[in-house]
Amino acid sequence: MTGHAIETTNLTKSFSGAVAVDRLNLTVDAGEVVGFLGPNGAGKSTTLRMLLGLLRPTSGSAAILGHATGSDFARGHVAYVPGDIALWPQLTGSEAISLLGSLHGSLDEKYRDELIAQFDLDPDKRIRAYSKGNRQKVALIAAFATRADVLLLDEPTSGLDPLMGRAFRDCVIEAQQRGQALLLSSHMLSEIEHLCARVAMIRSGKLIKVADIAELRSRAGMEFEISGEVGDLTGVAGVSDVSALPDGVRVRVTGSPGPLLEALARRNVTSLRTREASLEEIFLSYYDESTSPGS
Amino acid sequence: MRRTTTSVHALVWRQIRLSTLVLSALLVLIISVGLASFGASGGAKGMLSMRVLLTNPAITALYGHARSLPTAGSLVAWKMGMYLALAVAVWAALMATRVTRGGEDDGTWDLLVIGREGRQPALAMATLALGEGGLVLGLVTLLSLVIGGQSFVDSLLYATGLTGVAWSAAAIGVTASQLLAPRRSASQVALGTVIVLFVLRMIADASNANGWLRWTSPFGWLENTGAFQHRAAVWCVPLVLGPCVVAAFGWSLQRDRDIGSAWWTRADRSAPRTSLLRSTWGFAWRERRSTVFGWALGLGLWGLTVGYLTNALVVFCHSDHAFVKLLDHWGYGSMANGKGFIAEVCVLMSVAMGFFVVTLMTMVASDSLLGRLDLPFSFGTGRTEWLASTALVTVVSVIGVGLFCGLATWCGVVVSGTSMSVATPIEGMLNALSPMLLIAGASLLLVATLPRFAYVVMAALLGVSYLIAALGPTLNWPQPVLDSSVFHFVRLVPTEPTNWSATIVLCAVGLGLATVGYLRFLRADIGR
């Protein structure tokens, strides 16, 4: 046992010679929600499918709670929600949840009923009659109701309306508080920002960054919009990206804002607005090919 | 409109081209071998002795009517014609439900029919593409016969009839797709209709009193065209008009319904029934039971009909010793009594059961390709457990359906007035199951290695295997070729003892293939 709920070591997957995931090293601990970010085709789903044992690694390894993925133990402690649910169309929602619960070996029936109410699912409808969002709810309810130690969520809220998105976030928070480990792949950066303390970013199969969101924000710096006669700020420590505004300047500050505030104290400032970098801006800075990602 | 319909046409062709190619290759092979068997059987002179055989009701029910067999083409059209038509009809019905109902089930049609002109031109183009597929098979048949030196007019007549049967089945498939959802239900009804139409032709040919029934079936119309016999091209008219009427009916049904829906569909809501969802075994049965019941019904009906013909054959043999001698001469001496006839029927059933095994086993491949295995395999189920459940349900279903068919055949025999122990057809059917483990093992290997093509490849292998077993001995093919056919080892039980050594070897090879397939499946990537 390594102590990590999820651990990959040089995990690699190639399809017909094309490398989809390249020597990926990642850990997720119990009670942690890690966001898994990357553009389309970056290798997120391939990584999750290897963690589930659906795809076999070309090289490297992956483990769930210290046991190799695909092993009986690993399978018994993981649940999954894909972004595109495919199930037998003649099953009803309730039957699909029962089937997945039976296959998993455990299903908290009381919690399942609560989730059905929380997600406002009609469980007697057949899968073929569900909308995409409702099919998504079936998989979410089954996954959370198993109380699996590790939850792998691959764009789990695609198709859900905002109200259901909130129900989903409540479930994730509850699962985290119970000590479950969650790896959440999503393009909804606000969702990641809300739920995850740490994110892993992948591009072209390579993990380019794993860091706390707070740390990323700190590195990305804060944006200051200063009105008044502030003069030239280019020489101030930590200040960069100085651009003129009609009534002042906009600057980015990396590290402590102290030197900037000291400099401003001696000038005629009429107003000062600050804004932290959003995850979207941080994400774009890492994925914009023209911009060199931070170290 | 042009862009929409062209897209539909191209898409449908893309979906049917592989199976059309495989079936075309099989048609060429079967017709070529059939033509060659004419010479090997003594040519026109040798066929003169067959005249007595051609009047027997049991034989006419199986193969259809023929006055004489003076040419190789006439032999092919008589001995293989109906079964080639049946194979083409099954293909056409399945392809029709796949491209129309299947397209609606998976949402493809939503994208295809949103054009300004609506969906009816799209359905018309899909039907046209299916018709072209049938036409290709007809042209392949025509060319195979003509290149084989047969009369152009008769070859054209038979090929037209075969094309008409394909069009009829495609029209039935298209109409079933408008009436029923999901695709599995539409396919079952379309296939059931094709089988009923074939059985109607059999009943019509079993006695003169029922001859009018030939008019009710495309297979009867095909027979009535009289290719290589009396030439009655007028029967090509219903073979062309019939499918047009049925397809137009299907086309009109589409007008007043929503895309994705059907006229008759199971209710969208249902109280949960979870008793079979508590294990992979239960679920494997739940998913296959309607297929199993469908096959049991179809094969049972065929067994009942063939069993009913036993008395006609036995009575005929008792009254005509020349006929018995002739059967002996052609290697069918065992058919002169009821037991022998049933033994022959059971060998034919073995081929059908082979297709049944392939259908059940390759459902794992289609589930995997549709992404349906992702969630079960991500919720704790092992691949071993899933495969074991599939294998167990297949074994139990095959034995069950085999016994049911034996029982249905016995009922037919008893109803016809012939005395026979129930053990006779049961024993014959159980013996017919001897190659099934090998077929299941080969299917599993293909599911693990070539899931997308598993069914088509297995169907082609079974077709060639049967061809070798049926015609190889007559054509004096080398022993290694004969031994390559699993059906070559199926003895005429109960008139002959079971070939236990061959059965053990077949089972051992089957287990070997299954083991390799299982190991490959454990390492295979799952999903779309």
Side-chain angles (χ1 to χ4, degrees), chain A residues 13 15 45-46 48-57 70-82 84-107 122-130 132 138-139 142-143 146 148 151-152 154, chain B residues 102 104-107 181-185 260-262 265-284 286-290 363 366-386 389 520-528:
Chain A
K13 181 69 184 179
F15 294 107
S45 296
T46 304
L48 294 182
R49 293 174 71 81
M50 281 194 280
L51 288 171
L52 291 159
L54 295 173
L55 301 180
R56 301 302 191 195
S71 64
D72 287 348
F73 182 90
R75 284 200 317 272
H77 289 79
V78 71
Y80 169 57
V81 179
D84 187 10
I85 310 293
L87 278 166
W88 287 268
Q90 64 276 19
L91 291 178
T92 65
S94 165
E95 288 172 341
I97 294 167
S98 290
L99 173 69
L100 295 174
S102 300
L103 296 178
H104 190 266
S106 66
L107 189 83
D122 178 353
D124 291 339
K125 261 190 161 182
R126 294 188 195 278
I127 296 288
R128 68 169 175 343
Y130 278 139
K132 175 176 166 47
V138 170
T146 59
L151 289 171
L152 301 174
D154 190 359
Chain B
E104 289 195 45
D105 283 355
D106 64 24
R183 176 184 159 194
R184 192 179 289 182
S185 302
S261 70
T265 184
R266 290 171 74 185
D268 282 345
R269 296 172 59 83
S270 164
R273 285 188 289 267
T274 56
S275 57
L276 291 172
L277 299 175
R278 296 190 185 114
S279 66
T280 51
W281 316 92
F283 186 66
R286 181 178 155 136
E287 279 313 296
R288 286 164 179 78
R289 63 185 172 187
S290 63
M363 283 170 82
S366 53
D367 281 342
S368 173
L369 293 169
L370 289 167
R372 289 177 183 162
L373 298 186
D374 287 6
L375 279 174
F377 284 1
S378 307
F379 274 72
T381 308
R383 300 183 188 200
T384 303
E385 199 180 342
W386 198 267
S389 304
R520 290 295 300 266
F521 189 74
L522 289 186
R523 299 291 312 157
D525 290 340
I526 299 294
R528 285 174 271 199

Please rank A:Asp122, A:Ile127, A:Leu51 by heavy-atom pairs under 4.5 Å with chain B and give me the top one.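 Max contact count across the listed options: A:Asp122.
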Can you tell which of A:Glu95, A:Gln90, A:His104 has the highest number of heavy-atom pairs within less than 4.5 Å of chain B?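 Of the options given, most contacts go to A:Glu95.
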Measuring only between side-chain heavy atoms, which start at C-beta, is [X] closer than 4.5 Å to [Y]?
X	Y	value
A:Trp88	B:Pro376	yes
B:Arg372	A:Pro89	yes
A:Val78	B:Ser378	no
B:Glu385	A:Asp72	no

Minimum heavy-atom separation for [X] and [Y], please, with both atom names.
X	Y	value
A:Arg56	B:Arg523	CG-O, 3.1 Å
B:Ala267	A:Arg126	O-NE, 2.7 Å
B:Leu370	A:Ala86	O-CB, 3.2 Å

Rounded distance (nearest 0.5 Å) linking atom [atom1] of [X] with atom [atom2] of [Y]:
X	Y	atom1	atom2	result
A:Leu87	B:Leu373	CG	CG	10.5 Å
A:Leu91	B:Ser270	CG	OG	10.0 Å
B:Phe379	A:Thr146	CZ	OG1	5.5 Å
B:Phe377	A:Arg49	CZ	CZ	11.0 Å
A:Leu48	B:Asp374	CG	CG	11.5 Å
A:Leu52	B:Ile526	CG	CD1	12.0 Å

Side chain B:Arg383, main chain A:Leu54, donor-acceptor under 3.5 Å: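 At least one qualifying donor-acceptor pair exists.
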Checking the side chain of A:Thr92 only, and the main-chain atoms of B:Pro272 only, is there a donor and an acceptor separated by less than 3.5 Å?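 No, A:Thr92 side chain to B:Pro272 backbone: no donor-acceptor pair under 3.5 Å.
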With a 4.5 angstrom heavy-atom cut-off, could you sort out which part of [X] is near chain B: side chain, backbone, both or neither?
X	result
A:Ala142	both
A:Ala74	neither
A:Arg128	side chain

Heavy-atom distances under 4.5 Å only: say whether B:Asp105 touches chain A with side chain, backbone, both or neither.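 B:Asp105 has no heavy atom closer than 4.5 Å to chain A.
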Under 4.5 Å from any heavy atom of chain A, what part of B:Arg286 do you find: side chain, backbone, both or neither?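 Answer is side chain: those atoms of B:Arg286 sit under 4.5 Å from chain A.
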Pair B:Asp525, A:Phe15 - check side chain to side chain contact (heavy atoms under 4.5 Å, CB included), show working. CA-CA 10 Å; B:Asp525 290 340; A:Phe15 294 107; 4.0 Å; yes
